[in-house]
Amino acid sequence: YTDIGILYVNDEYGKSLVDALLIETESAGITVTAQEAYLPMATDFRTVLAKINATESEPLIFIGIPPTTLANMLRQARELGMTLPIFEPGGLLMAGSVRNLLGTELIEGVYTTAYPSVLGLTGEQFIKEFRAKHNGEDPIWTVMLGYDSIHMIAGALKEKGDTFTEKLSALRSFEGV
């Protein structure tokens, strides 16, 4: 892709992510053809989506978007006839409950980040034990990230070094879920 559109939440979090993305796009020679912000409590995104759609940006990147906002944005984008690829880098679509809520039609052409365990490539035992303790619910990625973080810290504390930074630097490998 050489021309992208960005839609982000107009708060410190969203602005900081956009600033970082703009540095990367510039260094990669990618043109940002549209950059639109929305207020954190907004529910109607048709105006900003229409502005982005008029620029013929491809793809559109959603930044700093919670699940309910994602659902509204995708519904409204589809209502406007937007068919461009959409990137949702927050990993919201890793959760089966979010995918089920949105349905196949809304998430078609939407790309997200995913960890191997969410894709069923690793972590089978962890997922099995989590489901047993939580009425069959699948763990969301933040659960696995937290679990791995605690185990990585514990592993680092066993390493040689005077400070935690030295101990963490000495940890040469770590296998997470």
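Nothing here was measured: the structure is a model prediction, and the numbers come from that model.
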Would you check if the side chain of [X] reaches a backbone N or O of [Y] as a donor-acceptor pair within less than 3.5 Å?
| X | Y | value |
| --- | --- | --- |
| Thr112 | Glu88 | yes |
| Ser16 | Glu12 | yes |
| Asp148 | Val177 | yes |
| Thr33 | Thr55 | no |
| Gln76 | Phe45 | yes |
| Arg99 | Leu93 | yes |
| Ser57 | Leu60 | no |
| Lys167 | Ala156 | no |

*asked:* Centre-to-centre under 6.0 Å for Phe62 and Phe87, is that the case here?
replied: no
Non-hydrogen side-chain atoms of [X] and [Y] separated by less than 4.5 Å:
| X | Y | value |
| --- | --- | --- |
| Ile65 | Val9 | no |
| Leu49 | Met82 | yes |
| Leu168 | Phe164 | yes |
| Glu24 | Ser27 | yes |
| Leu74 | Leu102 | yes |
| Pro59 | Tyr111 | no |

Measuring from [X]:[atom1] to [Y]:[atom2], what's the distance to the nearest 0.5 Å?
| X | Y | atom1 | atom2 | result |
| --- | --- | --- | --- | --- |
| Met144 | Ile127 | CE | CD1 | 5.5 Å |
| Leu84 | Asn53 | CG | CG | 6.5 Å |
| Asp138 | Arg131 | CG | CZ | 4.0 Å |
| Leu17 | Ile6 | CG | CD1 | 10.5 Å |
| Glu129 | His134 | CD | NE2 | 10.5 Å |
| Thr31 | Ile4 | OG1 | CD1 | 9.0 Å |

*At their closest point, which heavy atom of Leu106 faces which heavy atom of Arg78, and how far apart are they?*
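Here Leu106 and Arg78 meet closest at O-NH2, 3.2 Å.
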_Nearest non-hydrogen partners of Asn10 and Pro40, listed with the distance_ = O-CD, 3.9 Å
_Applying a strict under-4.5 Å side-chain criterion to I, L, V, M, F, W and Y, I'd like to know whether Leu80 and Tyr38 cluster together._
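Yes, it is one cluster - the side chains of Leu80 and Tyr38 are joined through contacts under 4.5 Å.
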*Going only through I, L, V, M, F, W and Y residues with side-chain contacts under 4.5 Å, is there a path from Leu22 to Tyr8?*
yes
Near [X] [atom1], under 6.0 Å, is it more than 12 heavy atoms from other residues, nucleotides or ligands?
| X | atom1 | answer |
| --- | --- | --- |
| Glu166 | CD | yes |
| Tyr13 | OH | no |
| Glu26 | CD | no |

*Using a strict cut-off of less than 4.0 Å between a Lys/Arg side-chain nitrogen and an Asp/Glu carboxylate oxygen, indicate whether Arg46 and Glu79 qualify as a salt bridge.*
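Salt bridge flag = yes for Glu79 with Arg46.
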_Test side chain to side chain contact (heavy atoms under 4.5 Å, CB included) applied to Leu21 and Ile30, Val32, Ile61, the passing residue_ = Ile61
